[in-house]
Amino acid sequence: MRFLPALTRAAALGAATILATTALAGCGDDASSSSDAAGNPYGLAQAGVLRAGTLTDAPPNVYLKDGKFTGFDNDLLTAVAGKLGLKVEFVGTDFSALLSQVNNHKFDVGSSSITITEARKKTVDFGNGYDFGYFGLDVPAGSPITGFDQLAGKRVVVVQGTVQDDYATGNKLNPVRVPDYNGAINQLKAGTADAWIAPAEIGEKSATDSSGKITVAAKQLSPAPTAYAVAKGSDKLREALNKGLDEVIADGTWSRLQAQYYPGRPIPADFKPGSGTVSAPAAPSASASAAS
């Protein structure tokens with residue numbers, strides 16, 4: 001019985017030591033967590049690097065040129081990231097997989113002229129709109145099709161998962177779905193499709209590059225703006241991208257890129273890029289943009 005107090009004291013000292021060690025470890029975890037948050041405030045997969053999923057075949061919006069990702073959307077994102085002190089790492093993917101890859105954090109952001117829709121908001125969150133767009137109707141040269149109202153019963157091709165796919169489905173056109181824009185272009189060139197509903201700028205560039213095999217029959221304004229996509233709940237990143245977007249609108253970068261990639265394209269009077277609280281300087285002339 002005489003040994004019990006000593007044993008009790010030893011047990012108490014051991015317990016105190018364990019608690020102290022645990023407390024110190026906990027403090028270390030808090031400090032590490034605080035340090036991580038300070039060094040990576042936007043919760044990126046790699047601190048300081050914005051990993052962006054994009055496409056390789058959709059000029060002038062997003063595409064590869066001489067091994068480098070470029071286009072209006074990607075150049076604008078690079079400028080926005082620069083305002084945040086971030087470097088952009090672009091990775092090519094298919095549009096049909098892009099939104100789920102963003103929400104699963106394979107990519108920090110999706111950059112591919114993504115039109116904001118209610119259905120897509122269920123998968124990802126969107127920043128403020130940075131561009132508007134038109135639907136284009138591309139057809140093989142010599143086609144009698146001249147408008148969207150002539151597509152019933154025709155073999156219409158769309159890129160799977162795009163807003164053009166939504167349009168075709170909503171209008172009961174039973175479209176042929178392909179994974180990328182090259183697939184759609186090849187169908188028109190081969191005569192296996194009667195028409196392609198495309199983003200107008202991409203459709204126009206494709207027609208120009210087709211050596212006369214494809215023409216643009218019509219175009220119409222898309223119902224919603226395009227924006228960068230982030231994973232659901234990535235509020236700090238989304239807010240930072242919105243802030244950076246407003247800054248590149250205010251400093252003239254947005255206007256310069258508009259003139260560079262869409263020379264002569266009129267901007268709808270009711271379209272305000274970003275938050276709408278900053279004004280975009282007038283775009284330079286096409287000749288000035290080409291010279292810069």
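Just the heavy atoms: all of them, side chains too, but no hydrogens, waters or symmetry mates, feed the values below.
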Show me the pairs that pass ring-ring contact (aromatic ring centres under 6.0 Å, His included) and involve residues 211-253, at least two apart or across chains.
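Non-adjacent pairs meeting ring-ring contact (aromatic ring centres under 6.0 Å, His included): Tyr130-Tyr228.
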Tell me, which pairs form a ring-ring contact (aromatic ring centres under 6.0 Å, His included) where one or both residues lie in residues 263-282, sequence neighbours left out?
Phe132-Phe271
Within the 4.5 Å heavy-atom criterion, are [X] and [Y] side-chain neighbours or not?
X: Val178; Y: Val157; answer: yes
X: Leu77; Y: Leu50; answer: yes
X: Leu137; Y: Ile197; answer: yes
X: Pro199; Y: Gln164; answer: yes
X: Ser143; Y: Asp194; answer: no
X: Asp165; Y: Val159; answer: no
X: Phe107; Y: Phe90; answer: no

Are more than 12 heavy atoms, taken from residues, nucleotides or ligands other than [X], located less than 6.0 Å from that residue's [atom1] atom?
X: Lys232; atom1: NZ; result: yes
X: Lys219; atom1: NZ; result: yes
X: Lys272; atom1: NZ; result: no

Got a sec, which residues hit ring pair (Phe, Tyr, Trp, His ring centres under 6.0 Å) with Tyr134, two or more places apart in sequence or on another chain?
none
Would you please name every residue forming a ring pair (Phe, Tyr, Trp, His ring centres under 6.0 Å) with Phe148, sequence neighbours left out?
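In terms of ring pair (Phe, Tyr, Trp, His ring centres under 6.0 Å), with neighbours along the sequence ignored, Phe148 is linked to Tyr167.
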May I ask whether Tyr181 and Val91 are part of the same hydrophobic cluster, defined by side-chain heavy atoms of I, L, V, M, F, W, Y residues being less than 4.5 angstrom apart, directly or through others?
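Yes, it is one cluster - the side chains of Tyr181 and Val91 are joined through contacts under 4.5 Å.
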Consider only side-chain heavy atoms of I, L, V, M, F, W and Y, link residues closer than 4.5 Å, and tell whether Val156 and Val163 are in one cluster.
yes
Is it true that Lys243 and Glu239 have a side-chain N and a carboxylate O under 4.0 angstrom from each other?
no
Checking side-chain contact (heavy atoms from CB on, under 4.5 Å) between Thr253 and each of Thr78, Val248, Leu245, which is the one that passes?
Val248
Looking at residues at least two apart in the chain, or sitting in another chain, which of them share a salt bridge (Lys or Arg N to Asp or Glu O under 4.0 Å) with Lys189?
none
Not counting sequence neighbours, which residues clear salt bridge (Lys or Arg N to Asp or Glu O under 4.0 Å) with Arg265? List them please.
Asp131, Glu201
Considering all heavy atoms, the nearest [X]-[Y] contact:
X: Ile185; Y: Ser206; result: CD1-OG, 3.3 Å
X: Leu188; Y: Val139; result: CD1-N, 4.3 Å
X: Phe135; Y: Ser222; result: CE2-OG, 3.8 Å
X: Thr169; Y: Pro175; result: OG1-CG, 4.1 Å
X: Ala229; Y: Val102; result: O-CG1, 3.7 Å
X: Ser234; Y: Asp125; result: N-OD2, 4.3 Å

Going by atom type alone, with no hydrogens or angles, which donor-acceptor pairs under 3.5 Å involve a side-chain atom of residues 63-71 and a protein atom two or more places apart or on another chain?
residue	atom	partner	partner atom	Å
Thr70	OG1	Asp75	OD1	3.2
Thr70	OG1	Asp75	OD2	3.4
Thr70	OG1	Tyr261	OH	3.0

Could you give the distance from OG1 (Thr54) to CD (Glu89), rounded to the nearest 0.5 Å?
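Here the interatomic distance stands at 13.0 Å.
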Which pairs with one or both residues in residues 112-123 pass salt bridge (Lys or Arg N to Asp or Glu O under 4.0 Å), sequence neighbours excluded?
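Found Glu118-Lys121.
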Pairs involving residues 135-159, ordered by first then second residue, that meet salt bridge (Lys or Arg N to Asp or Glu O under 4.0 Å) (sequence neighbours left out)
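Of all non-adjacent pairs touching residues 135-159, none passes salt bridge (Lys or Arg N to Asp or Glu O under 4.0 Å).
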Derivation and outcome, side-chain hydrogen bond (donor to acceptor under 3.5 Å, both in side chains), residues Asp166 and Thr162:
CA-CA 7 Å; Asp166 294 342; Thr162 61; over 6 Å; no
With Thr93 via side-chain hydrogen bond (donor to acceptor under 3.5 Å, both in side chains) - residues at least two apart:
Gln101
Residues that Asn182 engages under side-chain hydrogen bond (donor to acceptor under 3.5 Å, both in side chains), provided they are two or more places apart
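None.
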Judged by atom type as modelled, is there a donor-acceptor pair below 3.5 Å linking the side chain of [X] to the main-chain atoms of [Y]?
X: Gln187; Y: Gly183; result: no
X: Asn103; Y: Leu99; result: no
X: Thr215; Y: Ala217; result: no
X: Asn242; Y: Asn128; result: yes

Ignoring hydrogens and angles, write down the donor-acceptor pairs under 3.5 Å from the side chains of residues 108-115, residues two or more places apart or on other chains.
residue	atom	partner	partner atom	Å
Asp108	OD1	Ala45	N	3.2
Asp108	OD2	Arg51	N	2.8
Ser111	OG	Asn74	OD1	2.7
Ser113	OG	Asn61	ND2	2.7
Ser113	OG	Asp73	OD1	3.1
Ser113	OG	Asp73	OD2	2.9

Between Leu84 and Leu241, is a side-chain contact (heavy atoms from CB on, under 4.5 Å) present by the stated rule, with each step listed?
CA-CA 8 Å; Leu84 307 178; Leu241 291 174; 4.1 Å; yes
